[in-house]
Amino acid sequence: MSLGGGGTLGPVTWPSAEPLTTGDLRLDPLRVADAGEMAGVLADESLYRFTGGSAPAPSRLRARYRSQVRGASSDGTQGWLNWIVRPEPPGAAVGFVQATLERRSRTFEDLLVASLGWVVGPVWQGRGIATRATGAVLEWLVSRGVAEFRAHIHPDNAASQKVAAKLGFRPTGLVLDGEIRWVLEVSGSG
Ligand SMILES: CC(C)(COP(=O)(O)OP(=O)(O)OC[C@H]1O[C@@H](n2cnc3c(N)ncnc32)[C@H](O)[C@@H]1OP(=O)(O)O)[C@@H](O)C(=O)NCCC(=O)NCCS
């Protein structure tokens, strides 16, 4: 289903994540060296209630980050952009925002689509951090030509649905692996 590496679309150069700021939040492009600190942020099993998975050991996270910092899938069809979220002060990591970019071809149209993911450590939840951090990523991606955003959210994940709704996403009727696809289309970009 994914496009962008071949066919009539030609090779794709994906944007690289850049440092972003919004209010008191700093979003730094992911580094492999963040794995140790992030293993602590991601240690609470409550984070996986609606998404599946489990708390990663630092070594596993380091391996995952080594792959993610390459910035694209090995076949080139996806761009991988990741940011670590840090409120300032104190500047310690509290979560991450992830964007997977794909190029979609439609009749008369070739557009960039980003699937977004967001996670904030339990201690820092309920302060608007996911909404503000993801909003900054969204705005930056629009400036890079992304025309459609997607998020896949478990129907019982009320906090994540609220984040999506506050950002302007709307639920669709599409259910994938038990998660509902939420979509935000941006007019006039790309
Ligand atoms: C989803 C998540 C990122 C939200 O992070 P956050 O920084 O707390 O989000 P925000 O504070 O920006 O917004 C959360 C909203 O949900 C609300 N909320 C939190 N828990 C809720 C619950 N159980 N029921 C209803 N609303 C809830 C908050 O009050 C807030 O709404 P408000 O701004 O109107 O008060 C965080 O809960 C998380 O990391 N969860 C685990 C990972 C996950 O599920 N990621 C999303 C995968 S799709």
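When a ligand or atom number is given, it counts from 1 through the structure's own listing order.
- In this structure, atom 6 (P) of ligand 1 is in close contact with the protein, since a protein heavy atom lies within 4.0 Å of it.
- Not a single protein heavy atom sits closer than 4.0 Å to atom 35 (O) of ligand 1.
- Under 4.0 Å from ligand 1, the heavy atoms of V163 that appear belong solely to its side chain.
- Of all heavy-atom pairs between G121 and L47, the closest is CA-CD2, 4.5 Å.
- Less than 4.0 angstrom separates atom 31 (O) of ligand 1 from at least one non-hydrogen atom of the protein.
- Of all the listed residues (A159, G53, S160), A159 holds the heavy atom that lies closest to atom 27 (C) of ligand 1.
- Of the listed residues (K166, K162, R127, Q161), the one carrying the non-hydrogen atom nearest atom 13 (O) of ligand 1 is K166.
- Ranked by closest heavy atom to atom 10 (P) of ligand 1, the top entry among A151, A158, G128 is G128.
- No part of F50 comes within 4.0 Å of ligand 1, judged by heavy-atom distances.
- Distance alone, capped at 3.5 Å, places no donor-acceptor pair between the W140 side chain and the G135 backbone.
- With respect to atom 44 (O) of ligand 1, the closest heavy atom belonging to the protein is N157 ND2, 2.8 Å.
- The protein non-hydrogen atom at the shortest distance from atom 39 (O) of ligand 1 is V120 N, 2.8 Å.
- Checking each of V41, L42, V32 against L61 for a side-chain contact (heavy atoms from CB on, under 4.5 Å) leaves exactly one that passes, namely L42.
- Interatomic distance, CZ of R144 versus CG of L112, reported as 12.0 Å (0.5 Å rounding).
- Remark: side-chain polar atoms of D177 are not paired, donor with acceptor, to backbone N or O of E179 under 3.5 angstrom.
- When only modelled atom types and interatomic distance are considered, S160 and W118 share a side-chain donor-acceptor pair under 3.5 Å.
- Nearest non-hydrogen protein atom to atom 3 (C) of ligand 1 is W118 CD1, 3.5 Å.
- Ion pairing between E148 and R150 holds under the 4.0 Å rule for side-chain N and carboxylate O.
- Side-chain atoms of R127 come within 3.5 Å of backbone atoms of V123 as a donor-acceptor pair (strictly under, hydrogens ignored).
- For A130, a nitrogen or oxygen atom sits less than 3.5 Å from a nitrogen or oxygen atom of ligand 1, counting backbone and side chain alike.
- Near T131, with a cut-off below 4.0 Å to any heavy atom, the atoms of ligand 1 are 10 (P), 12 (O), 13 (O).
- Taking any N or O of T51, backbone or side chain, none lies under 3.5 Å from an N or O belonging to ligand 1.
- Only backbone heavy atoms of H152 (N, CA, C or O) come within less than 4.0 Å of ligand 1; its side chain stays farther off.
- For the pair D110 and R104, the salt-bridge criterion is not met [side-chain N within less than 4.0 Å of a carboxylate O].
- Proximity of G126 to ligand 1 is established by a heavy-atom distance of less than 4.0 Å.
- A salt bridge links D34 with R86: at least one charged nitrogen is closer than 4.0 Å to a carboxylate oxygen.
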